[in-house]
Amino acid sequence: MSKFARIIGTGSYLPPTVVTNDDLSKTIDTSDEWITTRTGIKERRRVTDESTCDLAEIAANNALEMAGIDASELDLIILATTTPDKIFPATATMLQTAIGASCPAFDLQSVCAGFIFALTTAEQYIKTGAANKVLVVGSETLSRIVDWNDRSTAILFGDGAGAVVLSGSEETGILHSKLYSDGKYLSSLQVSNNYINETGFIEMAGNEVFKIAVNRLSSLAEETLKECNMSSDELDWMVPHQANLRIISAVAKRIKTPMDKVVVTLDKQGNTSAASIPLALDEAVRDGRIQKGQTLLFEGIGGGFSWGSVLVKF
Ligand code: UT7
């Protein structure tokens with residue numbers, strides 16, 4: 001049994017097609033000015049014919065390469081996604097074969113909190129000794145469930161994938177995690193189709209989601225620091241779910257963390273749901289902002305609602 005689950009590799013992938021705010025304003029009644037002011041988003045990526053598994057495969061291989069391990073050494077794969085390629089089998093099993101692994105693999109659905117829930121699940125496997133090397137991926141092709149005529153949602157979402165490899169460690173790793181769910185808010189944010197003969201799109205009461213997100217995530221960030229006996233000065237980086245710059249800034253302000261200690265990628269990626277945290281993490285690791293030994297706070301909220309945080313010594 002290992003004392004900690006440590007992140008030993010990160011990876012990510014964005015499909016090449018860029019959709020700018022100006023592109024969207026040609027087909028729906030919106031503007032670059034409105035989208036930038038209300039959300040901070042300037043552009044997002046959209047798949048053409050790539051699947052959720054295709055994006056996950058590239059992100060996973062990048063993370064395995066950084067970790068310096070072969071896919072055959074993995075004990076478990078958890079894929080967080082809201083946009084699986086099929087109702088079944090799990091997209092994680094397709095990913096397992098694509099990267100040449102042979103371990104158990106399952107999907108986890110917790111919408112925009114999916115990466116936090118998957119990371120926490122992987123940590124439990126490692127700490128109980130049930131697994132030592134675990135691949136956690138967040139991968140989304142949200143453009144398939146966005147109504148491109150609905151300006152209240154079409155401007156927000158993007159496609160992409162991010163991944164981490166976790167390993168059992170005696171030194172350091174995940175220090176704390178906290179998960180919450182409250183299913184009362186089903187109608188605030190959902191795809192309401194019944195899977196049988198309807199194609200569903202994201203439906204969202206944006207304003208309500210906004211207020212609840214700021215509220216829940218701010219309280220959670222405070223609670224996380226308190227339970228870890230830490231002050232926010234001891235945090236090196238916040239790596240939040242990337243939904244709206246105004247949500248991210250409000251949470252950072254509440255825990256007195258300056259924005260230069262927050263990793264922000266939504267300007268170029270939009271909201272990529274379960275992929276957004278590992279995408280942001282990988283960018284900041286690869287450009288040298290995040291260094292080994294630093295303390296990172298991940299937090300995010302999604303449909304349900306489900307929300308959570310993970311505090312990591314990287
Ligand atoms: O990952 C977790 C899930 N999602 C989120 O976290 C999203 C949370 N919510 C938000 O980010 C924000 O609520 C939005 C960005 C979705 C909307 O911003 P808002 O400041 O809450 O705007 P609003 O919904 O209150 O709408 C204000 C006005 C409305 O017009 P009226 O009624 O004041 O005339 C909307 O019809 O803006 C209008 N509007 C737009 N105008 C131009 C809504 N969408 C657009 C648009 N372009 N794309």
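Order of listing sets the numbers, starting from 1, for every ligand and every atom in it.
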Q: For T153, which part has a heavy atom under 4.0 Å from ligand 1: side chain, backbone, both, or neither?
A: neither
Q: At what distance is the nearest protein heavy atom to atom 23 (P) of ligand 1, and which residue and atom is it?
A: N207 ND2, 3.8 Å
Q: In the complex you have, is atom 34 (O) of ligand 1 within reach of the protein, judged by whether a heavy-atom distance drops under 4.0 Å?
A: no
Q: Between E171 and K313 (salt bridge meaning N to carboxylate O under 4.0 Å), is one present in this structure?
A: no
Q: What I'd like to find out is whether the side chain of F106 reaches to under 4.5 Å of the side chain of L76, using heavy atoms alone.
A: yes
Q: Any atoms of ligand 1 less than 4.0 Å from a non-hydrogen atom of A243? List them with their elements.
A: 1 (O), 6 (O)
Q: Between E123 and K127, does any side-chain N to carboxylate O distance fall below 4.0 Å?
A: yes
Q: Against heavy atoms of I155, which atoms of ligand 1 measure under 4.0 Å?
A: 48 (N)
Q: Would you mind reporting whether T82 and Q109 have side-chain heavy atoms less than 4.5 Å apart?
A: yes
Q: Closer than 4.0 Å to some heavy atom of L189 - which atoms of ligand 1 meet that?
A: 3 (C)
Q: Nearest non-hydrogen contact with atom 27 (C) of ligand 1 belongs to which option: E33, R38, Q242?
A: R38
Q: Does any part of the side chain of V165, heavy atoms only, come nearer than 4.5 Å to the side chain of V134, both counted from C-beta?
A: no
Q: By number and element, which atoms of ligand 1 are closer than 4.0 Å to a non-hydrogen atom of I247?
A: 6 (O)
Q: Protein heavy atoms near atom 5 (C) of ligand 1, is at least one of them under 4.0 angstrom away?
A: yes
Q: Closer than 4.0 Å and a protein heavy atom, does any atom meet both conditions relative to atom 9 (N) of ligand 1?
A: yes
Q: F210 ring centre to R246 NZ or CZ under 6.0 Å, with the angle to the axis within 45°?
A: yes
Q: Check this for me, if you would: do D159 and R45 make a salt bridge, where the nitrogen-to-carboxylate-oxygen distance has to be below 4.0 angstrom?
A: no
Q: Which atoms of ligand 1 sit under 4.0 Å from any heavy atom of I301?
A: 1 (O), 2 (C)
Q: Donor-acceptor pair, distance only, cut-off 3.5 Å: does the side chain of S177 make one with the backbone of T120?
A: no
Q: For E65, does the CD atom have more than 12 heavy-atom neighbours from other residues, nucleotides or ligands under 6.0 Å away?
A: no
Q: Only heavy atoms count here, so choose which of F305, W307, W34 is nearest to atom 41 (N) of ligand 1.
A: W34
Q: Among D23, D32, D22, which residue meets the salt bridge (Lys or Arg N to Asp or Glu O under 4.0 Å) test with K42?
A: D32
Q: So, D150 versus S152: side-chain donor-acceptor pair below 3.5 Å or not?
A: yes
Q: Any luck finding a side-chain donor-acceptor pair between S232 and K256 under 3.5 Å?
A: no
Q: In this structure, does ligand 1 have an atom that sits under 4.0 Å from one of the heavy atoms of L24?
A: no
Q: Taking distance alone, with no angle check, do S31 and ligand 1 share an N/O pair under 3.5 Å?
A: no
Q: Below 3.5 angstrom, do we get any N/O pair linking C112 and ligand 1?
A: no
Q: Please report which non-hydrogen protein atom sits nearest to atom 11 (O) of ligand 1, along with the residue it belongs to and the distance in Å to one decimal place.
A: N244 ND2, 2.7 Å
Q: For atom 47 (N) of ligand 1, which of L217, T37, N21, T30 has the closest heavy atom?
A: T30
Q: Measure V111 to ligand 1 on non-hydrogen atoms and call it side chain, backbone, both or neither using the 4.0 Å cut-off.
A: neither
Q: Would you mind listing which atoms of ligand 1 come within a distance below 4.0 Å of any non-hydrogen atom of D29?
A: 42 (C), 47 (N)
Q: Is the charged tip of R46 near the ring of W148: under 6.0 Å from the six-membered ring centre and within 45° of its axis?
A: yes
Q: Quick one: which ligand 1 atoms are inside 4.0 Å of a heavy atom on T39?
A: 15 (C)
Q: Protein heavy atoms: any of them under 4.0 Å from atom 31 (P) of ligand 1?
A: no
Q: Which residue holds the protein heavy atom closest to atom 7 (C) of ligand 1, what is that atom called, and what is the gap in Å?
A: M204 SD, 3.8 Å
Q: Do the side chains of D85 and M94 get nearer than 4.5 Å, heavy atoms only?
A: yes
Q: Tell me the protein heavy atom at minimum distance from atom 36 (O) of ligand 1, and give that distance in Å.
A: R151 NH2, 2.9 Å
